[in-house]
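For reference, positions follow the sequence shown, starting with 1. This structure is a prediction, so every number in the text was calculated from the model and none was measured. The figures here come from the full heavy-atom set of this structure, side chains too, leaving out hydrogens, waters and symmetry mates.
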Amino acid sequence: MPFSPSIIAPPEGWGSQKPSAGTPIDCGHCLARSLEWFLPLSDGSGTLCQDASGRGRPGAFVDGVRWATTSSGIVAATTLSTNYIRGPAINVGSGLSCCARVFQSQRSSGDAGVISKFYLGGKYSWRLTIGPDGRLMAYLSATGGSGYSASSSYFLPLSTWTTLGLAWNASGAAKLYVNGKAVWSSTSAPTSLYASSQPIWLAMNYDLLAAYAFAGYFDFAAVWSRTLGDAEFAQIADRPFHLFSHFDPQAGDGLGRRLVDGSLASHSPILGAAV
């Protein structure tokens, strides 16, 4: 069903938890390391969304993704049907992590894509998805064809802001996260992931078909080329990651950066994208 941004409640944990503008975030160094792509989705206008990883890889709105501002001040990217956000062609080596804060407004008839890297024609490297029943799932493939499927026991509630995550490493370990807590794990996943020149997609899963599209809001999304630990996923959920959208070039973390809160000094409005 269609939904109205005016009914969305403010996320938990904000208010006094927000750091002051310009101060380094205590988890900044660890989260900045090997950060490949980070969309705070705080632009609020246009069809490109800035990449705050420092790598200059903006996301592109495709087929009607639009900006929306909720009553609680969150600007989000909204997607429906075949709307999606196209990202860069990132290939990872021995580790992968991704996360996104989403608000699903309605179920899809197939697995709704949250963050995915796949070829048109069905080949894929990895996919973080929500099943038609709301179950959090992931798919990992070393060959681009049939791969390893992860099916958690967590069912995503509709019309609720939720931070979802996936972590994998080349030893075959993988985990799924919800709001900073692991809800599924395995040590039997593939030990490599299919490399391709295809992009990462937000809000789309399989061949850009409407049956696999995500309908709702995206508040932020990020991808790392390493395996984040439990404590790091907990930090992301504890302090909304999209506030940490600028880097201090004077600090060093291997890429000469650290995450600081500087772009959203007034914290009003907080931006994101509706899909």
Residue pair Tyr124, Ser196: steps toward the side-chain contact (heavy atoms from CB on, under 4.5 Å) verdict: CA-CA 9 Å; Tyr124 69 93; Ser196 77; over 6 Å; no
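- Rounded to the nearest 0.5 Å, atoms CG (Leu41) and CD1 (Ile85) are 5.5 Å apart.
- The backbone N or O of Phe118 sits nowhere less than 3.5 Å from a side-chain atom of Ser116 that would complete a donor-acceptor pair.
- Rounding to the nearest 0.5 angstrom, the gap separating the NZ atom in Lys117 from the CD1 atom in Ile90 is 8.0 Å.
- Using a 4.5 Å heavy-atom cutoff, the side chains of Val178 and Thr163 are not in contact.
- Remark: the Ser105 side chain and the Tyr217 side chain contain no N/O donor-acceptor pair separated by less than 3.5 Å.
- At least one donor-acceptor pair closer than 3.5 Å links the side chain of Trp67 to the backbone N or O of Gly46.
- Contact check for Phe218 versus Val114: side-chain heavy atoms found under the 4.5 Å cut-off.
- A donor-acceptor pair is defined here as one N or O able to donate and one able to accept, closer than 3.5 Å; no such pair exists between the side chain of Asp43 and the backbone of Ser45.
- A donor-acceptor distance shorter than 3.5 angstrom exists from the side chain of Thr162 to the backbone of Thr160, with no hydrogens or angles considered.
- Residues Leu96 and Val223 are in side-chain contact: their nearest non-hydrogen atoms beyond the backbone lie under 4.5 Å apart.
- Considering CZ of Phe155 and CG of Asp133, their distance stands at 5.0 Å, rounded to 0.5 Å.
- Side-chain contact between Tyr84 and Asp63: present, with at least one pair of heavy atoms (C-beta onward) separated by less than 4.5 Å.
- Here the CG-OG distance, from Leu193 to Ser125, works out to 6.5 Å after rounding to the nearest 0.5 Å.
- Between Asp219 and Arg101, at least one side-chain nitrogen of the basic residue sits less than 4.0 Å from a carboxylate oxygen of the acidic one, meeting the salt-bridge criterion.
- Counting heavy atoms from C-beta on, the side chains of Ser34 and Ser225 come closer than 4.5 Å.
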Steps toward side-chain contact (heavy atoms from CB on, under 4.5 Å) verdict (Tyr154, Leu156): CA-CA 6 Å; Tyr154 178 84; Leu156 185 80; 4.0 Å; yes
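- We find the CG-CG distance between Leu166 and Leu140 to be 6.0 Å, quoted to the nearest 0.5 Å.
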Derivation and outcome, side-chain contact (heavy atoms from CB on, under 4.5 Å), residues Thr129 and Leu136: CA-CA 6 Å; Thr129 69; Leu136 180 63; over 6 Å; no
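- Taking every heavy atom of both residues into account, Tyr148 and Ser186 meet most closely at OH-OG, 2.8 Å.
- You'll find the side chain of Met137 stays beyond 4.5 Å of the side chain of Ile130, heavy atoms only.
- A donor-acceptor pair is defined here as one N or O able to donate and one able to accept, closer than 3.5 Å; such a pair exists between the side chain of Asp51 and the backbone of Arg57.
- Judged by distance alone, with hydrogens and angles left aside, the side-chain atoms of Ser97 form a donor-acceptor pair with the main-chain N or O of Leu228 at under 3.5 Å.
- Taking the ring centroids of Tyr139 and Trp126, they lie at or beyond the 6.0 Å cut-off.
- Put simply, the side chain of Leu202 does not reach to within 4.5 Å of the side chain of Val65, judged on heavy atoms.
- In the hydrophobic clustering of this structure, Phe214 does not group with Leu158; members are Ile, Leu, Val, Met, Phe, Trp, Tyr whose side-chain heavy atoms approach within less than 4.5 Å, directly or through other members.
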Worked verdict on Leu39 versus Phe220 for side-chain contact (heavy atoms from CB on, under 4.5 Å): CA-CA 6 Å; Leu39 300 186; Phe220 68 77; over 6 Å; no
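- Taking CZ of Phe61 as the start and OG1 of Thr47 as the end, the distance is 8.0 Å to the nearest 0.5 Å.
- Under the 4.0 Å criterion applied to side-chain N and carboxylate O atoms, Arg226 and Glu232 are assigned as salt-bridge partners.
- Checked by atom type, the side-chain pair Asn91/Tyr194 shows no donor-acceptor distance below 3.5 Å.
- The closest donor-acceptor contact from the side chain of Trp168 to the backbone of Thr191 lies at 3.5 Å or more, if one exists at all.
- Counting heavy atoms from C-beta outward, Arg135 and Ser151 have side chains that approach closer than 4.5 Å.
- Taking 4.0 Å as the cut-off between side-chain N and carboxylate O, Lys175 and Asp230 count as a salt-bridged pair.
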